2 protein chains.
Amino acid sequence: MASRRGGEGKDTGTLGKAVAVLETVALSDRPMRFTDVLAASGQPRGTLHRQLSHLLREGLLELGPDHAYVPGLRLLKLASAAWARNELRAVAAPFLEALHRETGETVHLGVLRGREIIYLDKVESRQAVRMNSQIGNASPVYCTGVGKAALSVLDAPALEAVLSGLEFRRFTPQTLADRAALEAELAEIRREGVAFDREEHEPGIRCVAAPVHDGGRDLVAAVSVTGPAYRVGPERLAEWAPHVRAAAAAVMGELVFRLGPQR
Amino acid sequence: MASRRGGEGKDTGTLGKAVAVLETVALSDRPMRFTDVLAASGQPRGTLHRQLSHLLREGLLELGPDHAYVPGLRLLKLASAAWARNELRAVAAPFLEALHRETGETVHLGVLRGREIIYLDKVESRQAVRMNSQIGNASPVYCTGVGKAALSVLDAPALEAVLSGLEFRRFTPQTLADRAALEAELAEIRREGVAFDREEHEPGIRCVAAPVHDGGRDLVAAVSVTGPAYRVGPERLAEWAPHVRAAAAAVMGELVFRLGPQR
DNA sequence: AAACTCAATTCCATATAATGGAACTCTGGA
DNA sequence: TCCAGAGTTCCATTATATGGAATTGAGTTT
């Protein structure tokens, strides 16, 4: 038998390895040349070379200047479909719009995906800034309003699964930087039904979020309103809280209605 | 060198087959259940089942209600990186903004990708409508301003490669629905340096576009301004043309500067 | 320019994973 | 309850991926 990697539960064969390489290249913040990928992936030269050339030919990677591999545009096309056809997004859209009208600030929809939050949609406050700068972006669960709200509705085993693998990093002085602090806050969030982000992820950015789930277990998400600290004080956050909670509840209601009461 | 087999150009092994399945599912407009994919892919049951289960486990597909396969959120995360790190997009962004300020209408950036145009960025006219509804979307080359502008800068063999495989479909009464009409128009576009879309793709939508390329041959794109026919007449299109041309030229200049004069 | 170095690419015997036909199970409707 | 169609699993066979080593290529120094 082949040697099993410790803790690795999924068997996705050749595809899995190729996707791992793709992700390595795509999520790197610097362009990677062949040797860089070689070092990062730990695979033999010949193998890696073939994987990269397949990814290139499939348009999932592209070759930039100076032999640098960059993520390919075919990913955009595929993701565009994923976004357009996502049911949660479609259900939530009108409620996000409404929430934006009520508050005048930026509204986000994020879903829990493993140990991180992926932003599924947003409604911008002012003019169309660099828009989908956020959509598809992954953020930590423990220091975003959306993340904490999502965690607050997990049952014990699911929460444990997330928490046990978390690596905390302090982004600002307010960041909850250890598990105990996070768990204490989650208890508070469960009581209130809303989560706050008081400049815990980005300095100068505050937000209120409320959880959305589908009654079953697989879909966990959250809705939030975000604004700059200079115009969003604690009282403003408190004022928004019921609106956010109501929006989340409305999304949830519609979701359950659409998918049927039980899975 | 091995002689090339007729028709089969790419050898991407197992990955290629898996991606083909992924694309089938992702680009379908209806949810597909196992049997639907089976019919569409033409592969044996066992094989397809394994491919799908690998795609599921990798998060590239997800299982929706009623055993329906839908594109997975991992695609969003990957595409977000592709978008953020795309050099053309980064270079063009400020010029798109400027063009938007000059015209007050929606501005697009699209790149030629095989036989279709993929929208890379857009700056919305009014409030943030359903925003990236477009980004990543693929549109036909022959009936969009961006598409025709892009085609106009291809050299003969590259153009032939695109045209020979095109399947024309009439979207509106104005659609150029055959190769001869398209080629005639391309000649005109080459003279003028701009392409017009006079409700050829969507009724009520007009646009002006100008081509962007990198001097070499691999990057071909276009910039456009789009508006509703009721407030965009022929004279308005003509008025915008020089602005669009200038924006495209500016993007091209910056691009060549960044990448170096020759590849 | 020639020589040198490090990166990228190709090769090929072997190991491993994909294949696909058939049997099995599950689910929901009559 | 039985049936039919969908979805899932099995496993001997075959095709594909693997990976170490040799080759080519690109960029730099003497």
Side-chain angles (χ1 to χ4, degrees), chain A residues 1-5 8-22 24-25 28 30-58 60-70 216 218 259-263, chain B residues 1-5 8-22 24-25 28 30-58 60-70 216 218 259-263:
Chain A
M1 279 295 141
S3 61
R4 280 193 331 172
R5 304 271 171 65
E8 199 54 51
K10 64 182 180 186
D11 165 30
T12 50
T14 305
L15 175 68
K17 295 171 198 166
V19 175
V21 169
L22 172 59
T24 301
V25 173
S28 150
R30 352 202 65 268
M32 295 179 93
R33 294 200 320 296
F34 182 83
T35 331
D36 303 319
V37 188
L38 185 62
S41 77
Q43 292 196 88
R45 302 181 94 74
T47 299
L48 181 67
H49 188 267
R50 182 181 31 76
Q51 290 168 334
L52 285 171
S53 83
H54 285 179
L55 287 167
L56 280 182
R57 266 181 288 198
E58 284 296 331
L60 299 174
L61 286 179
E62 288 173 19
L63 213 35
D66 194 37
H67 280 268
Y69 291 91
V70 293
D218 42 354
L259 301 179
Q262 276 308 70
R263 60 198 308 270
Chain B
M1 289 300 156
S3 61
R4 284 195 325 177
R5 306 279 167 64
E8 197 53 48
K10 66 181 178 184
D11 165 31
T12 51
T14 305
L15 176 68
K17 295 170 198 165
V19 175
V21 169
L22 172 60
T24 301
V25 174
S28 151
R30 350 204 64 268
M32 296 179 92
R33 297 203 319 297
F34 181 84
T35 332
D36 303 318
V37 187
L38 184 63
S41 77
Q43 293 197 86
R45 301 177 95 74
T47 300
L48 180 66
H49 189 265
R50 182 180 31 76
Q51 290 168 334
L52 286 171
S53 82
H54 285 178
L55 288 167
L56 280 182
R57 266 181 288 201
E58 284 296 331
L60 299 175
L61 285 179
E62 289 173 20
L63 211 36
D66 195 38
H67 281 268
Y69 291 92
V70 292
D218 43 353
L259 301 178
Q262 277 310 70
R263 62 197 308 272

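Each chain gets a letter, A, B and so on, in the order its sequence line appears, and its residues count up from 1. Being a predicted model, the structure only gives us computed values, none of them experimental.
The CG atom of B:L56 sits 13 Å away from the C1' atom of D:dG7 (whole-angstrom rounding). Here D:dT16 presents its P atom at 16 Å from CG of A:L15, a figure rounded to the nearest Å. Between the OH atom of A:Y69 and the P atom of C:dA7 there is a distance of 14 Å, rounded to whole Å. For B:H67 and C:dT27, the NE2 to P distance is 7 Å, given to the nearest whole Å. Between B:L38 atom CG and D:dT8 atom P the separation is 12 Å, expressed in whole Å.
We find the CE-OG1 distance between B:M32 and B:T24 to be 6.5 Å, quoted to the nearest 0.5 Å. A distance of 10.0 Å separates OG1 in B:T14 from NE2 in B:H54, rounded to the nearest 0.5 Å. Atom CG of A:L15 is separated from atom CZ of B:R57 by 10.5 Å, given to the nearest 0.5 angstrom.
Close to C:dC6, at under 4.0 Å from its OP1 or OP2, lies no side-chain N or O of A:T35. In this model, the phosphate group of C:dA7 is not approached by any side-chain N or O of A:R33 to a distance below 4.0 Å at OP1 or OP2. When the side-chain nitrogen and oxygen atoms of B:T14 are compared with OP1 and OP2 of C:dA17, none of them lie within a distance under 4.0 Å.
When the nearest nucleotides of DNA chain D are assigned to B:G13 and B:F34 by heavy-atom distance, the more 5′-ward of the two goes with B:F34. Nearer to the 5' terminus of DNA chain C, by closest-nucleotide assignment, is the contact made by A:L63 (compared with the other of A:K17 and A:L63).
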Please list, one pair per line, the donor and acceptor atoms closer than 3.5 Å that link side chains of residues 41-48 of chain A to other protein atoms, with sequence neighbours excluded.
residue, atom, partner, partner atom, Å
A:S41, OG, A:V37, O, 3.2
A:S41, OG, A:Q43, N, 3.2
A:Q43, NE2, A:Q51, OE1, 2.8

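Taking all atoms of both residues into account, the shortest heavy-atom contact from A:Y69 to A:V25 is O-CG1, 3.5 Å.
For DNA chain D, the residues of residues 40-53 of chain A within the heavy-atom distance limit of 4.0 Å (strictly under) are A:P44, A:G46, A:T47, A:R50, A:Q51, sorted by number.
You'll find the side chain of B:D36 stays beyond 4.5 Å of the side chain of B:R30, heavy atoms only.
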